[in-house]
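To start, the structure itself, in structure tokens.
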Amino acid sequence: MDQKLTKPYDPTTTEGRIYETWEKSGYFQPEADRPWADNPKTNPNFGKTFTIIMPPPNANGHLHAGHALFITMEDIMTRYKRMQGYKALWVPGADHAGFETQIVYEKKLEKEGRSRFGMEAKDLYDEIYAFTMEHKKYMEAEVRAVGASCDWSREKFTLDKDVIEKTQTTFKKMYDDGLVYRGKRIINWCTKHQTSLSDVETEFKEKKEPFYYFKYGPFTIGTSRPETKFGDKYVVMHPADTRYQEYTHGQQIDLEWINGPITATVIKDEAIDMEFGTGVMTITPWHDAVDFDIAQRHNLDKEPIIDFKGRLLPIAGEFAGLKIAEARPKIVEKLQAKGLLEKIDENYLHNVKVCYKCETTIEPQIKEQWFVKMKPLAAKAIEAVNENKIKFIPDNYRKIFLYWMENTLDWNISRQIVWGISIPAKICDACSDGTPDLDNTITTCKTCGGEMRADTDTFDTWFSSGQWPQLVLGYPEGKDFETYHPTDVMETGHDLIFKWVPRMVIFGLYLTGQIPFHTVYMHGLVNDAQGKKMSKSKGNVVNPIEIASKYGMDALRMGLVIGNPPGSDSALAENKIKGYKNFANKVWNISRFILESTEGINFDGNFSAFTPADQSLKQELADLLVDITSDMDNYRFHLAAEKLYHYTWHRLADEIIEDSKNILKGEDVVAKNSRAQFLHFALRQVLKSLHPFMPFLTEELWGIINPGGSLLIIEPWPHL
RNA sequence: GGGCGGUUAGCUCAGUUGGUAGAGCGCAACAUUGACGUUGUUGAUGUCACAAGUUCGAAUCUUGUACCGCCCACCA
């Protein structure tokens, strides 16, 4: 008997070695030679491809439990399809993660007593680049540690030269097609990070703030933001509001305001909620999205009140230069002194838009930015989903996706950060026009003849990530693009249902006329043992690499899969993983027993002289495998794994092997031989079908029971 | 304000098309020195949130209620 089988299974000495064997074998590449699979007579899926593009993990740090989950899921799908004879391609990647990485790096700078605002853009970029490249290595090593059978020869980084160039080309193409425009529109501004943000990069936070009622001429207006009211010269009410019938649209009223007398204009607009406050409000189009829309509709003046650092501008008179928080009480005090404060509601609860990273209150600003016109693009995406060209797992994400698509507004793709793909455009400071300029040839403004400078902004990271399936496969030309696009499955977290998935659908359809993937598989959050969200502040973060070093990666993978249906969040308990470590050892010992107790009997793949008892055992196993195959085909990996676990331990080991002890020790040579053949057969089926879930253990055992044979990774999936 | 998901054993959760309720961990008792103690055998614990309905039959389908969680949203 083989020496290797005498000890308990030790994942720590096995996993690295096995992964190296796989990587060297070339079987992660779909082109690798596989005799049975390359023959249409032995491979029912001959010539078919199966493709997954890996959501590129952030290159700025280490893997977390969520990464381990998605790598496991995608690896299961890839290994399963590979064993079924498909040319299975899984392309790994690394994400520069623009804004996110820049924030990580800014924190590092802060610790060192430095700040990005004093640095040359180029120097900052180079520093972050070096930082990212260093961390990228750890990330990749950890992806390997999870067992990812992805094709490293095709790995892409989101700042690879061709990725940058193609992203910039898309920008130009969209501009030429009228789908990208430079607009002076209201945007989300983070005063801490000094950049604009898209709508999906902001969150709402419930805050209790005072709500003030001020006398504004004959009206009483309600506001939670008195500090923006300096420039307010439009007073708005609903056209159907009978309380204000006597006032007409466009009517001018002289009144006393914060810094003296002003002339206000009455505006009637249906955006006003008659039930809210007094039904009358003044507007600040420069610093509020609703107000901006009203001003657009009626062609009203817009004036900035607050600068990009969050301080009041000279229009605020004596308050100029003050930060919002300092200015607010002083302004209220002054209005009160002038007798214009009517009352204060101290318990006003409302949602305030904040930066999703630092929770700083968003100060909306009007700014020249590049925008993607979403309506026509979204229409095509909606059509594709309605025609069932894209399937969602679980299905309810389809509705969520469609709702978002139907309601999405134009997308601001300009970011005032250096860490990203630069926007290849020239900007005219005189008339603020902008023109894409891929070749850096434009110097004068076509609108006003003014001098043009290079745009210093970078793309929103989702602008390039949205094109990821095409970029990775070498669009617009190349064999990979022809062979593997559209891809099969996009497996990603449900938190990316808006940030990423819709952009990919849009870009896929726009660039190639094809959907980028047939199926979207959403996984949930990996929570702690109590089902609570993992967070550094709670101290309940589970490091997958650490856990795996204790129990084995196969055990962690099983722990992540079993009991975790698509779309729902899961709880990761250490005890659960320990249980699967025990299972790995069980499989190890089953193999030991079968080899030991059948010494001298060679497995015969064509053996048919089974006793009726063994024939029925074989049928039982065949039925199970049919069932499991159906689970695999329908993305019920959690069920497939659990059934295999149960069969292997509680049927094969606890019952069949126990019964076999007497048979194998007995005198009935026919029965003995038949059972030995069945046990070998069952072991092989179990190892094969467990392989997508527990690749290291099963590959190791396969090598031991089948010395000199081919690797398990390319064995055919059991079909009986 | 709108939408989605959940509510099943002490804990974490499965339960694919409706057919006498499951897993892991935990718990109790027992067993066992050669496949494995990272073990085995046996067992206890559930009006499947609540109410009504459809059905021969509902954890599963329908409607409503309650609570929990998540997401979306231009509530001045």
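Given the structure is predicted, the values throughout are model-derived calculations rather than measurements. Per chain, numbering begins at 1; letters A, B, ... match sequence-line order. Side chains included, hydrogens not; waters and symmetry mates left out as well; all remaining heavy atoms used.
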We want to know whether A:Q296 and A:K302 form a side-chain donor-acceptor pair, criterion being a heavy-atom distance below 3.5 angstrom. yes
Taking only the P atom of each, what is the distance from B:U62 to B:U7 in whole angstrom? 15 Å
Does B:G5 have its OP1 or OP2 closer than 4.0 Å to a side-chain nitrogen or oxygen of A:H494? no
Tell me which nucleotide among B:A73, B:G3, B:G15 gets nearest to the side chain of A:F204. B:A73
Measure from the side-chain heavy atoms of A:A571 and tell me the nearest of B:C36, B:C13, B:C75. B:C13
What nucleic acid atoms does A:S568 come within less than 4.0 Å of, heavy atoms only: base, sugar-phosphate, or nothing? sugar-phosphate
B:A9 to B:A51 separation - C1' atoms, rounded to the nearest Å: 24 Å
Work out how far the C1' atom of B:A28 is from that of B:G10, and round it to whole angstrom. 14 Å
Where the side chain of A:R636 is concerned, which of B:G3, B:U16, B:A76 is the nearest nucleotide? B:U16
From the candidates B:U16, B:G15, B:C4, the one with an atom nearest any side-chain atom of A:K643 is B:U16
For the pair made of CD1 in A:I594 and C1' in B:C36, what is the distance, rounded to whole Å? 13 Å
Give one of base, sugar-phosphate or nothing for A:Y348, where a contact means two heavy atoms less than 4.0 Å apart. sugar-phosphate
Can you give me the N/O atom pairs linking the protein to nucleotides 19-26 of chain B at distances under 3.5 Å, or say none if there are none?
residue, atom, partner, partner atom, Å
B:G24, OP1, A:H650, NE2, 3.3
B:C25, O2', A:N575, ND2, 2.9

Sugar-phosphate only, base, or nothing, as touched by A:P364 at under 4.0 Å among non-hydrogen atoms: nothing
Between B:G3, B:C72, B:A76, spot the one nearest the side chain of A:K399, thanks. B:G3
Separation of the P atoms in B:G3 and B:U63, to the nearest angstrom: 14 Å
Counting only heavy atoms not in A:K375, do more than 12 sit closer than 6.0 Å to its NZ atom? yes
Students often mix this up, so state it plainly: with edges at 30° and 60°, are the rings of A:Y9 and A:W588 parallel, tilted or perpendicular? tilted
Pairwise C1' distance, B:C4 and B:C36 [rounded to whole Å]: 46 Å
Which of these nucleotides, B:A14, B:A76, B:C4, is closest to any side-chain atom of A:N396? B:C4
Please determine, for the side chain of A:I272, which listed nucleotide (B:A35, B:A14, B:A76) has the closest atom? B:A76
Over 60° means perpendicular and under 30° means parallel, so classify the ring planes of A:Y80 and A:W717, tilted if in between. perpendicular
Touch class at under 4.0 angstrom, heavy-atom based, for A:F498 against every strand present: sugar-phosphate
In whole angstroms, how far is the C1' atom of B:G3 from the CG atom of A:N407? 11 Å
Heavy atoms from C-beta onward define the side chain here; which of B:C13, B:A35, B:A73 lies closest to that of A:R592? B:A35
Does A:R557 count as lying over the ring of A:F693, i.e. NZ or CZ under 6.0 Å from the six-ring centre, within 45 degrees of the axis? no
Can you measure A:W500 atom CH2 to B:C71 atom P for me and round it to whole angstrom units? 20 Å
Between C1' on B:A76 and NE2 on A:H287, what's the gap in Å once rounded to a whole number? 15 Å
Taken to the nearest whole Å, CG/A:N634 to P/B:A14 is 18 Å
Could you write out RNA chain B as a dot-bracket string, with dots for unpaired bases, | for bases paired across to another strand, and Watson-Crick or G-U pairs counted at under 3.5 Å? (((((((..((((.....[..)))).((((((....).))))).....(((((..]....))))))))))))....
Under 4.0 Å between any heavy atoms, over every strand shown, what does A:E275 touch: base, sugar-phosphate, or nothing? Just pick one. nothing
What is the separation between atom CH2 on A:W404 and atom P on B:C70, rounded to the nearest whole Å? 22 Å
Distance between the C1' atoms of B:C56 and B:A14, in whole angstroms? 29 Å
Identify whether the distance between the nearest side-chain nitrogen and carboxylate oxygen of A:R225 and A:E209 falls below 4.0 Å. no
Specify the residue among A:F593 and A:Y403 whose closest nucleotide of RNA chain B lies further upstream toward the 5′ end. A:F593
Tell me whether the side-chain N/O atoms of A:K586 come closer than 4.0 Å to OP1 or OP2 in B:G40. yes
Once you apply a heavy-atom cut-off of 4.0 Å, does A:G277 come out as touching a base, just sugar-phosphate, or nothing? nothing
If I pick the C1' atom on B:G5 and the same atom on B:A49, what distance separates them, to the nearest angstrom? 15 Å
Give me the distance, rounded to whole Å, that separates B:U47 from B:A21 when you measure between the C1' atoms they each carry. 13 Å
For the pair A:D614 and A:R675, find out whether any cationic side-chain nitrogen is under 4.0 Å from an anionic carboxylate oxygen. yes
From CD1 of A:I221 across to P of B:A76 the rounded distance in Å is 14 Å
For a quick check under 3.5 Å, do A:H494 and A:D569 share a side-chain donor-acceptor pair by atom type? yes
Could you work out which one of B:A76, B:U38, B:G15 sits closest to the side chain of A:S224? B:A76
With sugar-phosphate meaning primed atoms plus P, OP1 and OP2, does A:A653 contact a base, only sugar-phosphate, or nothing at under 4.0 Å between heavy atoms? base
Where the side chain of A:D654 is concerned, which of B:G40, B:C36, B:A76 is the nearest nucleotide? B:G40
For A:F401 and A:F392, run ring pair (Phe, Tyr, Trp, His ring centres under 6.0 Å): C-alpha distance rounded to whole Å, both residues' side-chain angles, the deciding distance at 0.1 Å, then the answer. CA-CA 9 Å; A:F401 176 94; A:F392 288 85; 5.2 Å; yes
All heavy atoms of A:G217 vs all of A:L255, minimum pair found to be CA-CB, 3.6 Å
Tell me whether A:E359 is salt-bridged to A:K205, with the criterion being a basic N under 4.0 Å from an acidic carboxylate O. yes
Of A:G279 and A:K661, the one whose closest RNA chain B nucleotide lies more 5': A:K661
In whole Å, what is the span from the CG atom of A:N351 to the P atom of B:A73? 11 Å
State plainly whether the residues A:K550 and A:E574 are in salt-bridge range, i.e. N to O under 4.0 Å. yes
Please find out if less than 6.0 Å separates the ring center of A:F371 from that of A:W411. no
Applying a 4.0 Å non-hydrogen cut-off, can you work out what A:A573 is touching in the nucleic acid: base, sugar-phosphate, or nothing? nothing
